[in-house]
Amino acid sequence: MARMCGIVGYVGSQSALNVVVEGLARLEYRGYDSAGTAVAFDGKLSVTKRAGKLVNLRDALAGTQPPGGADDEAHGAHSGIGHTRWATHGPPNDRNAHPHVDCTGAVAVVHNGIIENFAALRLELERRGHELSSDTDTEAVAHLLEEEVAKGAGLADAMRKVCVRLEGAFTLVAIYSGEPDLVVGARRNSPLVVGVGDGENFLASDVAAFIAHTRDAIELGQDQIVELRPGGVTVTGFDGTPAEVKDYHVDWDVSAAEKGGHDYFMLKEIAEQPSAVADTLLGRIGADGRLSLDEMRLTDDELRDIDKIIIVACGTAYHAGMIAKYAIEHWTQLPCEIELASEFRYRDPILTRSTLVIAISQSGETMDTLMAVRHAREQRASVLGICNVNGSTIPRECDGVLYTHAGPEIAVASTKAFLTQLIAVYLIALYLAQVRGTKWGDEVFAMIQLLGTMPQKVEQVLETIEPVRELARSLAGERCVLFLGRHVGFPVALEGALKLKELAYMHAEGFAAGELKHGPIALIEEGLPVVVIVPSRARPILHDKIVSNIQEIRARGARTIVIAEDGDEAVAPYADTLIRVPAVPTLLQPLVATVPLQVFACELATAKGHDVDQPRNLAKSVTVE
Ligand code: M6R
């Protein structure tokens with residue numbers, strides 16, 4: 001099975017192999033266990049696939065890894081498909097790599113998702129004499145298509161007939177040697193977008209794959225089939241009825257999807273944070289000086305009727321949601337819960353028409369979050385998405401959306417998306433406060449002005465980051481790092497620990513500093529690095545408590561690495577290493593305090609020789625529950 005993968009399809013006048021492989025390179029962040037291509041020419045298909053990263057496939061295609069590489073003519077083919085895989089069931093070997101072909105080798109298919117009834121389909125196919133050579137669910141589709149084509153159907157009709165038999169979530173893209181000018185795609189609960197070119201057209205999991213060729217795209221809806229020919233694109237439902245298509249123009253270009261002189265996408269994305277924050281704030285103040293979030297699509301009356309907010313998200317986005325709870329409750333006095341999206345629908349959450357569910361997702365494709373959105377909507381709650389990818393599934397299924405403007409985030413570890421998610425939740429909280437009258441207009445305006453200074457504060461952190469890099473390199477031999485915080489510093493601590501786990505593969509834990517004495521303090525031993533996020537002095541009650549916590553852990557031998565605002569001298573005597581960040585209001589502190597932790601994890605992982613853009617076992621878009 002292949003569940004979170006990158007898919008590319010092309011038809012046009014260029015070399016399909018070149019276009020497809022370059023597209024896969026831009027999608028490799030979605031999975032990098034194996035990769036493969038299939039192109040159609042001269043009445044046959046040429047299929048090449050390799051376990052491991054894309055470089056192995058490139059070598060095979062260049063003929064440096066015979067046998068099994070593409071023959072020379074294949075490089076002249078004008079239609080093709082490709083796949084980069086994140087394996088779940090079935091080891092990531094050459095055999096399980098996509099594309100998969102039927103018995104005759106005339107049909108090739110790539111797939112993202114899970115075909116839940118594949119075991120029954122496989123049995124059925126084997127009884128009819130088909131020989132399946134991989135462990136995947138995908139291969140069954142190739143054989144089902146083969147049967148339909150043998151009965152006389154064209155590839156598109158065959159796909160329609162097969163799709164209605166499939167259960168589960170899938171994006172499928174196929175080619176057939178008998179129709180070399182056609183690529184067919186199908187979509188149910190898994191991403192697929194069309195790129196519209198001049199005499200050429202593209203299909204991909206993400207616009208990044210074709211952004212070098214066109215910025216004109218079409219969103220595909222649920223249960224739709226797309227036929228791609230050099231001269232046009234046709235979209236129908238699984239039942240063949242023509243579908244209305246929604247086209248859009250991508251507002252970033254190919255340079256945004258490249259490393260721009262940095263060694264890693266992650267470094268580039270960390271550096272882009274000041275502009276990502278600024279872009280997400282852009283145009284939010286109306287002519288009357290009031291905050292305006294037009295794109296949100298929820299009316300002020302609807303927002304006034306809300307009596308509870310529940311935020312759902314995963315991973316880093318969940319940490320943004322935790323911070324949102326503090327801001328929302330403080331500014332709007334509305335009760336706000338935060339819940340892991342993967343847990344949400346299994347606990348019978350109490351949702352009414354007056355509940356606002358906020359779903360936060362960079363990709364807009366995270367299956368756990370999508371399922372939480374669907375559950376909330378079924379229960380009649382209003383759902384507002386915070387998302388970074390225009391046209392992705394979650395914002396399309398929400399009642400309203402606030403887009404972050406971070407630009408494409410390619411590195412698996414989320415950085416600039418996180419900061420912009422924070423901006424989005426601050427904006428929503430302030431907007432609710434304005435609409436519901438829990439803050440005066442001038443108070444909202446003053447906070448917006450403060451938010452406006454954040455790009456420069458984040459820049460300031462980046463300009464003074466070198467000591468953090470040195471510190472990270474010096475800790476490359478450690479086995480464990482703890483992170484402590486209070487109030488909004490607690491989710492920041494969790495985020496610092498998550499970054500270190502996913503990039504440096506180290507044991508890292510984040511704790512609420514007050515909880516330490518209830519157990520985790522037993523972990524402290526001589527020399528253990530403990531990173532402490534110190535709250536702003538504007539809340540002395542929080543600040544003083546954490547100064548005590550630092551003393552407690554230091555007395556037990558911890559090596560204290562303290563992140564504190566400029567001018568905070570009270571912590572200095574207890575800090576083995578002191579990292580300064582600009583002084584900002586308490587609720588906004590995560591915007592500056594998280595950045596050193598991102599750099600810390602990135603540098604430490606690099607010092608250990610890890611590929612920070614593609615950490616082991618992970619993929620960027622988690623399109624499986
Ligand atoms: O695309 P999403 O924001 O929905 O993704 C959620 C998480 O998978 C994501 O934040 C993940 O935790 C990051 N890799 C962490 O850096």
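Positions are given from 1, in the same order as the sequence printed here.
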| field | Neighbour count >12 (heavy atoms, 6.0 Å) for atom CZ, Arg380 | value |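 Check fails, neighbour count at 12 or below.
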| said: Students often mix this up, so state it plainly: with edges at 30° and 60°, are the rings of Phe202 and His213 parallel, tilted or perpendicular? | reply: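 If you compare the ring of Phe202 with that of His213, the planes turn out parallel.
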| Aromatic plane relationship, His98 with His83 - under 30° parallel, 30 to 60° tilted, over 60° perpendicular | parallel
Between [X] and [Y] (salt bridge meaning N to carboxylate O under 4.0 Å), is one present in this structure?
X      : Y      : value
Glu219 : Arg396 : yes
Arg160 : Glu227 : yes
Arg26  : Glu22  : no
Lys53  : Asp611 : yes

| said: By the definition salt bridge (Lys or Arg N to Asp or Glu O under 4.0 Å), identify the one residue from Arg353, Arg297, Arg377 that meets it with Asp399. | reply: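 Among Arg353, Arg297, Arg377, the one that satisfies the salt bridge (Lys or Arg N to Asp or Glu O under 4.0 Å) with Asp399 is Arg377.
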| field | Closest heavy-atom pair and its distance - Asn201, Gly197 | value | OD1-N, 3.2 Å
| request: Looking only at non-hydrogen atoms, find the nearest pair between Cys602 and Ile270 and report the distance. | output: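 Scanning both residues, the minimum pair turns out to be CB-CD1, 4.4 Å.
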| task | Output, in order, the C-alpha distance, side-chain angles, deciding distance and verdict of side-chain hydrogen bond (donor to acceptor under 3.5 Å, both in side chains) for Thr299 and Glu302. | result | CA-CA 5 Å; Thr299 66; Glu302 284 168 320; 3.2 Å; yes
| field | Test log, rule side-chain contact (heavy atoms from CB on, under 4.5 Å), inputs Tyr176 and Val184 | value | CA-CA 9 Å; Tyr176 166 45; Val184 173; over 6 Å; no
| message | Tell me whether Arg345 contacts the main-chain N or O of His375 through its side chain, where contact means a donor paired with an acceptor under 3.5 Å. | response | no
| message | Evaluate Thr136 against Asn96 for side-chain hydrogen bond (donor to acceptor under 3.5 Å, both in side chains), listing each step before the verdict. | response | CA-CA 6 Å; Thr136 67; Asn96 288 332; 5.4 Å; no
| task | Show your working on side-chain hydrogen bond (donor to acceptor under 3.5 Å, both in side chains) between Thr366 and Asp368 and close with a plain yes or no. | result | CA-CA 6 Å; Thr366 299; Asp368 288 319; over 6 Å; no
| task | Would you check if there is a donor-acceptor pair between the side chains of Glu409 and Ser414 at a distance under 3.5 Å? | result |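 Glu409 and Ser414 do have a side-chain donor-acceptor pair below 3.5 Å.
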| request: Applying side-chain contact (heavy atoms from CB on, under 4.5 Å), run through Val245 and Val233 and close with a yes or a no. | output: CA-CA 10 Å; Val245 296; Val233 173; over 6 Å; no
| For Leu298 and Leu356, what are the C-alpha separation, side-chain angles and deciding distance, and is it a side-chain contact (heavy atoms from CB on, under 4.5 Å)? | CA-CA 10 Å; Leu298 290 171; Leu356 175 68; 3.8 Å; yes
| Is there a side-chain contact between Phe210 and Tyr10 (heavy atoms, below 4.5 Å)? |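 No, side chains not in contact.
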